[in-house]
There are 2 protein chains.
Amino acid sequence: MTIHHHPGKERIDAVRAFNRFYTRQIGLLDEGLLKSAFSLTEARVLYELAHRDGLTATDLARDLGLDPGYLSRLLKKFEERGLVERAAIEADARRSSIALMPAGRQAFAPLNRGSHDQVAALLDRLAASDQDRLVKAMQTVQRLLGGDGAEPKVPYLLRPLQVGDVGWIVRRQGLIYAQDYGWDETYEALVAEILGAFVKSFDPKWERSWIAEREGEVVGSVFLVRKSDEVAKLRLLYVEPSARGLGIGKRLVDECVSFARARGYRTLTLWTNDILVSARRIYEAAGFKLAEEERHHSFGKDLVGQNWNLEL
Amino acid sequence: MTIHHHPGKERIDAVRAFNRFYTRQIGLLDEGLLKSAFSLTEARVLYELAHRDGLTATDLARDLGLDPGYLSRLLKKFEERGLVERAAIEADARRSSIALMPAGRQAFAPLNRGSHDQVAALLDRLAASDQDRLVKAMQTVQRLLGGDGAEPKVPYLLRPLQVGDVGWIVRRQGLIYAQDYGWDETYEALVAEILGAFVKSFDPKWERSWIAEREGEVVGSVFLVRKSDEVAKLRLLYVEPSARGLGIGKRLVDECVSFARARGYRTLTLWTNDILVSARRIYEAAGFKLAEEERHHSFGKDLVGQNWNLEL
DNA sequence: TCGGATACTTGACTAAGTCAAGTAAATGAT
DNA sequence: ATCATTTACTTGACTTAGTCAAGTATCCGA
C-alpha cells in the first residue's frame, strides 16, 4: 500500500555516485584478500559456507550471483582439497548440501580475520559517534534496497518516553504538520511547551506516555495527562507517515483508554482539529463523541478545533 | 582533533555484512552493462572520462584501482577506435591528458542511459520518503568513508530558526547532556519549554536565534531573548560534539553580543552551570564576568549554577 | 506418464586482468 | 651540472577467473 514516486534526477545521480564510490571501496577492501591462496569468489563462497548451513550449489549461485558451471568446478576443487563435503539430500537426489570441513574452516579463518581487521582499521579512523552513524546509514541502505518488502518480525513496539524522544516528537510533528497542512512554527512550539510541561509535572501514577518504535525508530506517540481526579486528557497523538496503516494510531489510543479506565478516570477528553481526518476516525472508532467545535486562528491558519469525549 | 575509538565487534560485523550485501548489489547492477560492447572496466573508464576533464592515465588507474598495463592497452584500443584522444601535457612529456572524442561520447551514451534507467527502476520501487532516506544514508556512508578529512568548503553557516529546528535542538541537547553529564529527562523538558516559549512570544525586533548548519545538518545554536529594555539574555548555547573545534561556539556568542549591542541593550546576561567548562571559556573570552553562583539540584544532579553578565 | 523444469556437470573457450621488465622523462640530492 | 631515483607510461608473456553451450539425472505437475 506504499505510494511510489518517480525519482528525480538528483536522486538517481546520487545513487549512481554512491555505486561508483562503493565499487571502488569494495575493490580496495578486496585487494587485501587477493594475496591469499583464494580468489575473491572463493573467499565469498567460503564465507557463505561458514555462516550458513545446508546450502546447496544453487543457493550459492543465486545468492552470490555466480555461474553454475564455474561454481560446480570451484566446489569440486574444494572437495578434492578436503575443504568441503557434499551430503546427499534425501528428498532430492539432484541436490546436495554443502558444508565446510574442519580443514575448510581452518583455511577460512585467516581470510576472515584479514577482512575483519581491515574493516576494524577502517572504522578505527572514525570517531565513535561517526562509527555509529556509518553503521546506521549502512543498515538503512541495506534495509531499503534489500528488504524488498521484508517486513520486520515485530511490526512495532510500545515503550515509555526516553531522553531524546521529546525533541524527536516535537520535530516530527512540527515538520509533518508544516508539510501537510502548512502550519507555521508556532505549532512546533506548542508541542514543545506541552511536552516540556508533561515531563516536568509528570505523575507516573496518573499519567503515561507511549512511544511506538519500529526498527529502532520512533514512529508514533501519545500522551495521557491528568486534568482532575475524574478527567484525563489524551494529547499529541501522532503516527509517522511511513508507519501508517499498521494500526499504530488505533493501538496508541486503545492503550490510553485502557490506562484511563484502569486508573479510574470517568472521562477521557481530547482536542483536535477537523482537518485531521484520519485521527478523527480513530477517535470515533474508540467511542469518542464530538462535544463541541470552535473556530480559531492558530499556527498561521484558520482552523476548526474540536473537543471529543469518551465516557469510561 | 577527533577522538577515535576502537570499534566493537557488532559494528565491524555490520559493516562487513553491508560490504557483502553491496558487493552483490553492484554485481546485479553491473549485469545490465555486461551485454553492451564494453566491459565493466571499460564502462567505468568511459564514465570517468565523460565526467572529468584533463585526466591522465595515472589518474584513472589510481581512481579506479586499475593495473597501469591493462589500462594502457585499454586506452590504446579506445584511441584506435577513435573514442578518445590523448593530448600532450606541455609541463610533462611523460603524461598526456585523455579526453573523450565525439564518437566516445556517442558510445558512452547508451551505457549511461542504461545505468541511469536501472537505478531509476530501483528507486521507483520505493516510496518518495524512502528514496530520500536512501540517498541521505548513502551520502552519509560516502562522506564518512570517502571524506577522509575532505573538509567542506564552507565549514558552517548561520541562519535563523526554521520549522523542525526546535525539536532537533531539544533532542540533541537532551541526549548530549544525558550522555556527558548524566542529566535526566527534565533537562530536555526544560529546553523544550524554553524554546516553546521563545517561539511563541518571539519579538523579531528584540530577539533572535542563530542556527549553525554544516552540510545541511544542525550543529549548533544560540538564542537571544529580551528580559527588559536594558537586559538581554543569551540562552541555550550548544555545539554538536562532532562540530567542536571549528569556532562555532565563539561565533554564536559573538553574533549574540553584536546583536545585543546593535539593539541598544545595556547588559547581556546568561545562566550556565560550572561543569560546562568549554562554554565558560567562550563566555570569558567574550568578556562576560561571573556575577553569582548558587547550588541547586536539577536534572537529577547536584549542580552549581552561574550567572554571567556582559556590560555592552 | 510424459513434457517440461531443475540441479547440477563437463567441455571448450576467452575476456579480463596480472606481473615483470623496459623506456623516456622528471625530480631531487649532491 | 650530473647522476641516482622516481614517475608515467608501454610492451610482452602469461593465467585465472569466468562464460556459454550442451549434456545427464532427477523431479514435478497435469
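Hydrogens, waters and symmetry mates play no part in the numbers below; they use all other heavy atoms, side chains included. First the proteins, then the strands, lettered A, B, ... as listed; each starts at 1.
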Dump the intermediate steps for side chain to side chain donor-acceptor pair (under 3.5 Å) on B:R20 and A:Y47, then the final yes or no. CA-CA 10 Å; B:R20 285 193 306 284; A:Y47 188 96; 2.9 Å; yes
Partner set under salt bridge (charged side-chain N to carboxylate O under 4.0 Å, His left out) for B:D180, not counting sequence neighbours: none
Suppose we screen for salt bridge (charged side-chain N to carboxylate O under 4.0 Å, His left out). Which residues come up paired with B:E284, at least two apart in sequence or across chains? B:R280
Ring geometry between B:F108 and B:H51 (parallel below 30°, tilted from 30 to 60°, perpendicular above 60°): perpendicular
Side chains of B:R95 and B:T58 only: does a donor on one sit below 3.5 Å from an acceptor on the other? no
Output yes when B:E217 and A:R133 qualify as a salt bridge under the 4.0 Å nitrogen-oxygen rule, no when they do not. yes
Can you work out whether A:R95 or A:K76 has the more 5'-proximal nearest nucleotide on DNA chain C? A:R95
Between A:S39 and A:A93, which has a closest nucleotide on DNA chain D that is more 5'? A:S39
From CZ of B:R94 over to C1' of C:dT23, roughly how many Å is that when rounded to an integer? 12 Å
Which angle, to the nearest 10 degrees, lies between the helix axes at the two ends of the helix from C:dT1-D:dA30 to C:dT30-D:dA1, each defined by five pairs? 40°
For DNA chain D, which nucleotides open and close the run of contacts to chain A, 5' to 3', at under 4.0 angstrom from a non-hydrogen atom? D:dA17 to D:dC27
Sub-4.0 Å heavy-atom contacts from residues 45-74 of chain B onto DNA chain C, ordered by number: B:D67, B:Y70, B:R73
Interatomic distance, A:I98 CD1 vs C:dC8 C1' [rounded to whole Å]: 10 Å
Which heavy-atom pair separates B:G82 from B:M101 by the least distance, and what is that distance? O-CB, 3.4 Å
Under the salt bridge (Lys or Arg N to Asp or Glu O under 4.0 Å) rule, what pairs show up with a residue in residues 42-52 of chain A, not counting sequence neighbours? A:E42-A:K77, A:E48-A:R52, A:R52-A:D63
Between A:R113 and A:D117, is there a side-chain N and carboxylate O pair less than 4.0 Å apart? no
Would you kindly say whether B:N19 and B:R24 are connected by a side-chain donor-acceptor distance under 3.5 Å? no
Could you report the tightest heavy-atom contact between B:S97 and B:I89, atom names first, then the distance? N-CG1, 3.8 Å
Spacing of B:E42 atom CD relative to C:dA16 atom P, expressed in whole Å: 6 Å
